[in-house]
Amino acid sequence: MIRLSRVTKRFGRQTVLDGLDLEIPEAQITVILGQSGSGKSVILKHIIGLMTPDSGEIFVDGTDITRLNDRELNEVRKQFGMLFQDAALFDSMTVGENVAFPLVEHTRLPKKEIRRIVEEKLKQVGLEGVTRKMPSELSGGMRKRAGLARAIALDPKIILFDEPITGLDPIMSDAIDALIVDTQRDTRATCVVITHNITSTFKIAHNIAMLYEGKIIEFGNPDRIRNSGHPFVKRFIRQEAPGKCPN
Amino acid sequence: MVKFLEYAGRPFVGILEEFGRVMLLFLSATAWAFRRPFRFRVVFKQMETVGVNSLTVVLITAVSSGMVLALQSYYGFRMFRGESLVGATVALSLTREIGPVFTALMVTGRAGSAMAAEIGTMRVKEQIDALYAMSVNPVQFLVMPRVLAGILMLPLLTVVADFVGIAGGYFVGVELLNINSGIFMARIYEMVAMEDIFNGLIKSACFGLILSVVSCYKGFYTTGGAEGVGRAATQAVVISTVSIFISDFFLTAVMF
Ligand SMILES: Nc1ncnc2c1ncn2[C@@H]1O[C@H](COP(=O)(O)OP(=O)(O)OP(=O)(O)O)[C@@H](O)[C@H]1O
Ligand SMILES: [Mg+2]
């Protein structure tokens, strides 16, 4: 289980997270919704220890990761897989080497087995025949999927997806949604997904957290969010611009 | 008065602070060098990159400086019929000074700027975060191999530069200016001690350390997108170059 408790994060004068509380249930898919620039990526980076809060605690399986040293944090991170918003593939490696990277670093599998897993994962994300290509030769959507393959290569216990389907066509988006659902069901992983897509959210989410002005203003299963009385939540899921009259 | 001192001292405090952080990165890279896993292939890859990147420019500058040294010293020595000393002069200047320094400057321009740009790009494109996220320490994975490659490859390139430079001097002295080949070489053997070459190589290893640590540091702490990467690469070259000259003075003072 992951729990953020009273987490505050400021960048200069801008308060991005403002005493945020969030409990992410184990072995479920939790979707975080929020406006662009509201701090969704910042939340993910706190969960995996890439950013430290100015105040507050972040518990992963009961340990407060804000108090760990580098080495302990490294151990905790081995349970994680993360898809970055811009995929963050290594430019100097081929796509195949990128996906193989966590396997090479953290397992003692023979080369052949690694190659098999890489092929398998790339196939799952709908990428075939690109193992030898460099990331710069791929389209944005292809890079994202390669990043996804890398994130799930080790079958991690916790997977963080930063906008997995942004920039993909509807058919591919659907396939990736299905992949997330299937992967979660098969591995019982705890998944945290950031997305802007309401349809996709209701398709994959067990829980939805709504981020607004540095706090989680609503949390619950899809039905609860659908029937939320909070004006911002209502507007968001109806996809209306602020200021538009809700009737 | 205090205000003035504060104002005037600020740049120095800044430099000291930055120097401290470069040292910290160096210490951290050293510590990581002795921790598992040992990625020998990554180190070899960096050595190859440094070597391949810089070899051509190092060769060209070495030959030219050897030839120029021969020419210049020839005109000087001819005034008192000391032409036979041209070879030794060329060899001594090359092994002690020109070889290590010019090689380091060339490597800074080629490999150093590339290190800063590459690591800087990884920083701004969140690839360094991705390394952390995958439990791979970026200092161990990115910085340490480059620093090691710098320390190991600089002496190697310098040996090549010394040799090629002396060959260039030989060509000018013996072939063009008709100095007796036997005397040219004999004077070199007579005057250049093993120690000269050896000290030159120690120097070059130090330069390799400096330029790779500085370049990695600049890359590692890049901010501000593509523009920041450009700035990091430029600053890496400038700071490395200045540091090489300053440290050259002290190393020379200690050694010779
Ligand atoms: N490293 C940083 N330094 C300074 N400010 C930052 C940093 N990272 C994020 N911010 C700021 O924090 C705010 C939230 O950023 P974040 O990337 O989390 O947004 P987001 O919710 O993921 O938006 P999007 O949906 O567009 O990806 C932004 O205003 C951004 O400017
Ligand atoms: Mg984001």
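Since this is a predicted model, take the numbers as computed values, not measurements. Numbered from 1 within each chain, the chains take letters A, B, ... in sequence-line order.
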Heavy atoms of other groups near B:Phe44 CZ, more than 12 under 6.0 Å: no
Write down the atom of B:Thr121, the atom of A:Asp91, and the distance for their closest heavy-atom approach. CG2-OD2, 4.0 Å
Is chain B contacted by the side chain of A:Leu160, its backbone, both, or neither, given a heavy-atom distance below 4.5 Å? neither
Inspect the surroundings of NZ in A:Lys45 and state if more than 12 heavy atoms from other residues, nucleotides or ligands are less than 6.0 Å away. yes
Please check if the number of heavy atoms outside B:Arg21 that lie under 6.0 Å from its CZ is greater than 12. yes
On a heavy-atom basis, the closest approach of B:Ser135 and A:Arg77 is OG-CB, 3.3 Å
Distance-only donor-acceptor hits, side chain of residues 143-151 of chain B, under 3.5 Å, sequence neighbours excluded:
residue	atom	partner	partner atom	Å
B:Arg146	NH1	B:Leu142	O	2.9
B:Arg146	NH2	B:Glu118	OE1	3.2
B:Arg146	NH2	B:Glu118	OE2	3.2

Once you round to the nearest 0.5 Å, how far does CE of A:Met51 lie from CG of B:Asp129? 7.5 Å
Contact summary for A:His106 and B:Met134, nearest pair of heavy atoms: NE2-O, 2.6 Å
Which portion of B:Arg35 sits near chain A, non-hydrogen atoms under 4.5 angstrom: side chain
Report yes if the side chains of A:Glu105 and B:Pro37 come closer than 4.5 Å at any heavy-atom pair, otherwise no. yes
Does A:Glu113 CD have over 12 foreign heavy atoms under 6.0 Å away? yes
Would a 4.5 Å heavy-atom cut-off, applied to side chains only, mark B:Tyr132 and A:Asp70 as touching? no
Report, by ascending residue number, the residues of residues 197-212 of chain B in heavy-atom contact with chain A at a distance under 4.5 Å; give 'none' if the set is empty. none
Please verify the inter-ring angle class for A:Phe90 with B:Phe141; under 30° counts as parallel, over 60° as perpendicular, anything in between as tilted. tilted
Considering all heavy atoms, the nearest A:Phe84-B:Ala130 contact: CE1-CA, 3.5 Å
Choice from A:Glu75, A:Lys78, A:Met82, A:Gln85 maximising heavy atom contacts with chain B below 4.5 Å: A:Lys78
Are more than 12 heavy atoms, taken from residues, nucleotides or ligands other than A:Arg116, located less than 6.0 Å from that residue's CZ atom? yes
